[in-house]
Structures are given as C-alpha cells and as structure tokens.
Amino acid sequence: MWRLLLLALLLSQLALAGEDELAQGRSKTERWADRCTNFTTTTWAFKAPDNFLKWLDVFSDPAIWLEFTRRSMDPDYALRSADTLLDAETAHNFLEWADPGIPEKWAVTLVRPDFYVAVSSVLFDSSRMLHWDMLPLDPKVLLLAGTAINPLTWAKWLAFPADPRVRAYVAKALDPMTAEEWRRELADSRNYPLLNLAPSQLAVLQVRP
C-alpha cells in the first residue's frame with residue numbers, strides 16, 4: 001500500500017513539474033478546448049464547412065484529448081463550463097441553427113470533391129498518425145496518470161461541493177434575472193433568421209427540392 005502511495009506522490013510531483021510545459025506548449029489546443037467547453041460557442045465548428053475543417057485538424061490530433069483529460073480531473077473547469085450554460089448567449093448559439101444559410105453552405109460544399117480531399121489530407125496525414133502511434137510513450141500521458149492517482153486530485157473533487165463558487169453558481173441559476181435574460185434572448189426575432197427573410201427568399205426555399 002505504501003508503495004502505491006509513494007508512486008502516486010512521485011508521479012504527482014512529475015505532473016506538477018511538467019504542468020507549465022503542458023500548458024505553454026498547447027496554446028492553440030487550449031483555445032480550442034475553451035471554445036468546445038463553452039456553451040456559447042460549442043457549435044461554431046459545424047456551422048460552416050471551413051470551420052469544420054479547422055475543428056477536424058484539432059480533434060484528429062491526440063493533443064486535444066490529452067487536454068480534455070487534464071481538465072476532467074480539475075473541478076474548476078467543470079464549473080467554468082457549467083457557468084456558460086447560464087449565459088443567455090448559449091440560447092443565441094443554438095438558435096443560429098435556424099439560419100437557412102447553414103444547411104445551404106453544407107449542401108454546396110458536400111458536392112465538391114476538394115472538400116473530401118481536404119478531409120482526407122487531415123485524417124491521413126503521416127505526421128498526425130505518428131502522434132497517435134507515439135502516444136503511449138508521450139511523457140504527458142505519464143503526467144496525467146500521476147495527476148489521476150494523486151490523492152490531492154480526489155480531495156479537490158470531494159471538497160468541491162463546499163466551494164463558495166458552487167453556491168454562487170446555484171444562486172445565479174435561481175436568480176430571476178438569469179431567466180429574464182434567457183427570455184429576452186428567446187423572444188428576440190433577430191435570433192430567428194427565417195422570420196427575417198424577404199418573401200422572394202422564402203419562395204426560393206419553398207420550391208427548392
């Protein structure tokens with residue numbers, strides 16, 4: 001038992017020593033992780049084919065998954081993501097899917113061979129495949145393993161429900177102003193592009209197969 005604890009402490013020290021390097025070397029990865037865990041921006045990558053190619057470039061590399069693993073062991077990131085769920089901009093983010101321009105852009109792009117060439121060049125990139133092949137030997141995996149078995153990690157989660165920020169989050173969720181901001185966003189006609197189309201544009205949509 002003591003050997004396991006000793007190993008956990010050793011790996012945790014390695015994790016702390018390499019934490020700065022892990023963060024500094026992943027500025028692009030961290031920005032994407034922020035975007036994809038923020039409910040006000042989560043669907044950005046799928047609203048346009050060009051956005052999707054940028055998303056695919058990041059998510060086909062193990063770096064983003066290592067970053068998500070790191071964040072999953074820290075309750076601060078969970079609270080940060082949950083806080084964006086209360087933001088009325090989340091409603092705007094998802095209501096943008098009512099824009100008929102989104103499926104139109106995809107319909108045009110999906111019949112273009114160059115789009116599939118671009119996707120294939122990302123998925124079958126030899127350097128990207130090498131990253132996956134070398135993943136078991138990546139020192140960052142060891143750092144994450146050390147964090148996972150570090151007693152301080154578990155203690156942080158156990159103490160998290162008593163964190164004053166959790167109480168502040170619950171208070172914000174129950175605040176009538178939060179619901180009012182959502183109501184205003186849902187009632188804003190600008191968030192419903194179909195309602196703002198000219199009659200000629202509606203006619204085109206109706207006759208389009």
Side-chain angles (χ1 to χ4, degrees), residues 5 7-47 51-97 128 131-132 134-175 177-179 181-182 185:
L5 291 175
L7 177 62
L9 291 174
L10 176 61
L11 291 177
S12 65
Q13 290 302 312
L14 288 173
L16 291 173
E19 188 175 353
D20 291 339
E21 179 184 351
L22 185 67
Q24 291 173 5
R26 305 273 184 94
S27 57
K28 177 183 177 182
T29 301
E30 288 190 338
R31 287 197 303 270
W32 271 93
D34 288 340
R35 171 178 285 170
C36 294
T37 54
N38 185 327
F39 284 96
T40 66
T41 56
T42 48
T43 64
W44 174 86
F46 302 96
K47 290 176 181 175
N51 297 351
F52 174 77
L53 289 175
K54 296 175 183 177
W55 175 90
L56 185 65
D57 178 62
V58 173
F59 275 77
S60 59
D61 191 274
I64 188 67
W65 302 106
L66 291 175
E67 176 65 13
F68 281 142
T69 302
R70 182 179 74 86
R71 293 183 180 213
S72 70
M73 292 183 281
D74 190 338
D76 291 346
Y77 287 105
L79 182 61
R80 185 188 306 177
S81 182
D83 189 60
T84 65
L85 189 59
L86 299 180
D87 194 324
E89 279 296 311
T90 295
H92 176 73
N93 177 37
F94 287 94
L95 287 173
E96 281 185 341
W97 285 102
R128 193 179 308 272
H131 291 167
W132 283 104
M134 298 299 293
L135 184 61
L137 303 177
D138 193 328
K140 299 180 183 67
V141 175
L142 179 63
L143 298 179
L144 291 172
T147 303
I149 63 175
N150 185 354
L152 294 178
T153 300
W154 296 98
K156 193 172 184 179
W157 276 100
L158 291 173
F160 187 59
D163 193 310
R165 293 173 300 169
V166 175
R167 293 196 295 270
Y169 174 79
V170 173
K172 183 178 179 180
L174 299 176
D175 188 344
M177 284 303 301
T178 300
E181 290 174 1
W182 267 79
E185 197 69 33

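If you read the sequence from its start, that first residue is 1, and numbering goes on from there. Because the structure is predicted, anything quoted here is derived from the model rather than measured.
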With rounding to the nearest 0.5 Å, note down the distance linking [atom1] in [X] to [atom2] in [Y].
X      : Y     : atom1 : atom2 : answer
Leu144 : Glu67 : CG    : CD    : 9.0 Å
Asp87  : His92 : CG    : NE2   : 11.0 Å
Leu174 : Leu86 : CG    : CG    : 9.5 Å
Asp138 : Leu66 : CG    : CG    : 6.0 Å

Which heavy atom in [X] sits nearest to a heavy atom in [Y], and how many Å separate them?
X      : Y      : answer
Thr40  : Thr90  : CG2-OG1, 3.5 Å
Leu135 : Val141 : O-CG2, 3.3 Å
Trp44  : Trp32  : CZ3-CH2, 3.4 Å
Thr37  : Ala33  : OG1-O, 2.7 Å
Ala148 : Trp154 : O-NE1, 2.9 Å
Ser81  : Thr84  : O-OG1, 2.6 Å

Exercise. Please identify each residue that fulfils side-chain contact (heavy atoms from CB on, under 4.5 Å) with Trp65, with sequence neighbours left out.
Key: Phe59, Phe68, Trp132
Quiz item: Residues two or more places apart in sequence or in another chain: which of them pass side-chain contact (heavy atoms from CB on, under 4.5 Å) with Thr153?
Solution: Met73, Thr147, Asn150, Trp157
Quiz item: Who pairs with Tyr169 by ring-ring contact (aromatic ring centres under 6.0 Å, His included), at least two apart in sequence or on another chain?
Solution: none
Tell me, please, which residues at least two apart from [X] pass side-chain hydrogen bond (donor to acceptor under 3.5 Å, both in side chains).
X      : result
His131 : Asp61
Asp175 : none
Thr42  : Asn93
Lys172 : Asp83

Practice problem: Take Asp74 and Lys156 through the side chain to side chain contact (heavy atoms under 4.5 Å, CB included) test and state the conclusion after the steps. | Solution: CA-CA 8 Å; Asp74 190 338; Lys156 193 172 184 179; 3.3 Å; yes
Quiz item: Does Arg35 reach the side chain of Trp55, with side-chain heavy atoms less than 4.5 Å apart?
Solution: no
Quiz item: Hey, are the side chains of Glu30 and Arg71 touching, using non-hydrogen atoms and a 4.5 Å cut-off?
Solution: yes
Set of residues satisfying salt bridge (charged side-chain N to carboxylate O under 4.0 Å, His left out) with respect to [X], sequence neighbours excluded:
X      : value
Glu181 : none
Arg165 : Asp76, Asp163
Asp57  : Lys28, Arg128

Quiz item: What about Trp97 and Phe46, are their ring centers closer than 6.0 Å?
Solution: no
Quiz item: Can you list every salt bridge (charged side-chain N to carboxylate O under 4.0 Å, His left out) pair that touches residues 141-155, not counting sequence neighbours?
Solution: none
